[in-house]
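Along the sequence shown, residues are numbered consecutively beginning with 1. The shown structure was predicted, so the numbers you read here are calculated from the model rather than taken from an experiment.
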Amino acid sequence: MNPNNLEQDKTAKHRLISKVLSPALWLFVRSQVEQVSHLEVQIASSDRQILSGSIPRLSISGDRIVYKGLHFAKISLMGEGMQTNLHQVMRGQPLQLLEPMVVSGEAILQETDLNASLKSDLLSSALTELLSKLASSNNAVRGQIDWKQIAIAPGSLLLQGNLVNSSHTTPITLRCGLQLSSGRKLLLTQPQLQISNSWEELENYVIDLGSHVNLKELTLEPGQIVCRGSITVMP
């Protein structure tokens with residue numbers, strides 16, 4: 001092959017990535033989150049794969065991300081097997097994911113992130129539903145819960161809020177350990193519930209995150225939670 005032609009092919013590839021694919025991917029990732037202070041997307045793909053819309057590997061890193069009301073201090077992800085509608089993107093259409101893609105990496109949730117996330121319906125409703133299942137036999141746990149604070153200690157969580165019903169408001173505290181039971185399941189260990197000044201011992205409880213989740217590590221450190229694993233992203 002003529003060296004000039006080879007150099008032109010390389011230039012065309014880099015132009016395709018820098019002018020079309022990279023910006024389209026950045027916009028696609030950015031559109032999935034509500035807020036991010038810093039976002040980087042990098043692509044690893046051959047000429048033929050790019051032209052077919054296949055991206056065998058891409059890396060995503062970001063700081064101060066808000067996704068569906070959930071706050072994350074930092075994420076570092078690696079995506080594999082991404083299939084895109086590149087030909088439509090080259091005609092000015094938004095990038096779309098055509099097939100399921102496995103994304104693996106690390107996410108860090110700090111105490112400040114979790115407490116900011118309590119304002120979201122997603123987390124507050126999930127915590128209220130969790131408590132109703134944990135304390136299903138306790139008739140005192142009825143009504144709306146206004147969650148106020150989450151504290152993270154090594155291996156354990158402390159959740160505090162107010163139980164609000166038609167007649168009065170009662171302080172409520174849930175204390176429990178948290179660990180991996182399997183790749184898709186979390187185990188709440190030795191949960192304890194305090195309503196006013198009375199403590200109740202509850203049964204251990206398993207949370208199933210779904211078949212699309214495969215966690216490898218979950219570590220509760222002072223002030224933060226570190227998650228490592230993978231998730232399957234659907235089109």
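- Between Val29 and Glu40 the shortest side-chain heavy-atom distance does not fall below 4.5 Å.
- Residues satisfying the salt bridge (charged side-chain N to carboxylate O under 4.0 Å, His left out) criterion with Glu201, sequence neighbours excluded, are absent altogether.
- No more than 12 heavy atoms of other residues, nucleotides or ligands lie within 6.0 Å of CD in Gln190, so this atom counts as exposed by the packing criterion.
- When side chains are defined from C-beta on, Leu131 counts as touching Ile145, because their heavy atoms get closer than 4.5 Å.
- Distance alone, capped at 3.5 Å, is enough to place a donor-acceptor pair between the Asp208 side chain and the Gly210 backbone.
- The side chain to side chain contact (heavy atoms under 4.5 Å, CB included) with Leu188 is formed by just one residue from the set Leu202, Asn204, Leu178, Leu157; it is Leu178.
- When every heavy atom of Pro171 is checked against every heavy atom of Thr169, the shortest pair comes out as CD-O, 4.2 Å.
- For Arg57, the CZ atom is loosely surrounded, since the number of other residues' heavy atoms within 6.0 Å does not exceed 12.
- Environment of CD in Gln42: sparse, with no more than 12 heavy atoms of neighbouring residues, nucleotides or ligands closer than 6.0 Å.
- When all heavy atoms are compared, the tightest approach of Glu221 to Gln224 is OE1-NE2, 2.7 Å.
- Atoms CE and CE, from Met101 and Met234 in turn, are 11.5 Å apart once rounded to the nearest 0.5 Å.
- Interatomic distance, OG of Ser37 versus CG of Asp63, reported as 5.0 Å (0.5 Å rounding).
- The two residues Trp147 and Ser124 come nearest to each other via the heavy atoms NE1-O, 3.5 Å.
- Under the side chain to side chain contact (heavy atoms under 4.5 Å, CB included) test applied with Tyr205, the options Leu187, Leu130, Leu186 reduce to a single match, Leu130.
- To the nearest 0.5 Å, atom NZ of residue Lys148 and atom CG of residue Asn115 are 11.5 Å apart.
- Linking ILVMFWY side-chain heavy atoms closer than 4.5 Å, directly or via other members, places Leu114 and Leu118 in a single hydrophobic cluster.
- Taken to the nearest 0.5 Å, the CG atom of Asn214 stands 10.0 Å off from the OG atom of Ser104.
- With hydrogens and angles ignored, the 3.5 Å screen pairs no side-chain donor or acceptor of Asp113 with any backbone N or O of Leu109.
- Contact check for Leu25 versus Leu95: side-chain heavy atoms found under the 4.5 Å cut-off.
- Around OH of Tyr67, the count of heavy atoms belonging to other residues, nucleotides or ligands within 6.0 Å does not exceed 12.
- Side chain to side chain, Glu217 and Thr219 meet the donor-acceptor criterion of an N or O pair below 3.5 Å.
- Under the 4.5 Å side-chain heavy-atom criterion for ILVMFWY residues, no single connected hydrophobic cluster contains both Val226 and Ile231.
- Side chain of Ser76 to main chain of Ser61: no donor-acceptor pair is present (N/O by atom type, distance under 3.5 Å, no hydrogens or angles).
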Give the table of side-chain donor-acceptor pairs shorter than 3.5 Å for residues 77-88, with sequence neighbours excluded, one pair per line with atom names and distance.
from: Gln83; atom 1: NE2; to: Ser54; atom 2: OG; distance (Å): 3.3
from: Thr84; atom 1: OG1; to: Gly53; atom 2: O; distance (Å): 3.0
from: Asn85; atom 1: OD1; to: Gln96; atom 2: N; distance (Å): 2.7
from: Asn85; atom 1: ND2; to: Pro94; atom 2: O; distance (Å): 3.2
from: His87; atom 1: NE2; to: Leu51; atom 2: O; distance (Å): 3.3

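- Applying the side chain to side chain contact (heavy atoms under 4.5 Å, CB included) test between Ile172 and each of Leu159, Asn162, Val164, Leu193 identifies Leu193 as the sole match.
- Linking Ile, Leu, Val, Met, Phe, Trp and Tyr residues whenever their side-chain heavy atoms come within less than 4.5 Å places Leu122 and Ile207 in a single cluster.
- With contacts defined as side-chain heavy-atom distances shorter than 4.5 Å, the pair Cys176/Ser156 does not qualify.
- Counting heavy atoms from C-beta on, the side chains of Leu215 and Leu209 come closer than 4.5 Å.
- Checked against salt bridge (charged side-chain N to carboxylate O under 4.0 Å, His left out), Glu106 has the following partners two or more places apart in sequence or in another chain: Arg228.
- Atom-to-atom distance recorded for Leu158:CG and Glu111:CD is 9.5 Å, nearest 0.5 angstrom.
- Taking every heavy atom of both residues into account, Ser120 and Lys68 meet most closely at CB-O, 4.2 Å.
- Neither side chain, Thr173 nor Trp199, offers a donor N or O lying under 3.5 Å from an acceptor on the other.
- In this structure, the side chains of Ser132 and Leu134 stay at 4.5 Å or more apart for every pair of heavy atoms.
- Residues Val33 and Leu58 share a single hydrophobic cluster, defined by chaining ILVMFWY side chains whose heavy atoms lie under 4.5 Å apart.
- Nearest heavy atom pair, residue Ala153 against residue Leu220, reads O-CB, 3.6 Å.
- Between the SG atom of Cys227 and the NZ atom of Lys216 there is a distance of 14.5 Å, given to the nearest 0.5 Å.
- Residues Leu98 and Val103 are members of separate hydrophobic clusters, defined by side-chain heavy-atom contacts under 4.5 angstrom among Ile, Leu, Val, Met, Phe, Trp and Tyr.
- The two residues Trp26 and Leu39 come nearest to each other via the heavy atoms NE1-O, 3.3 Å.
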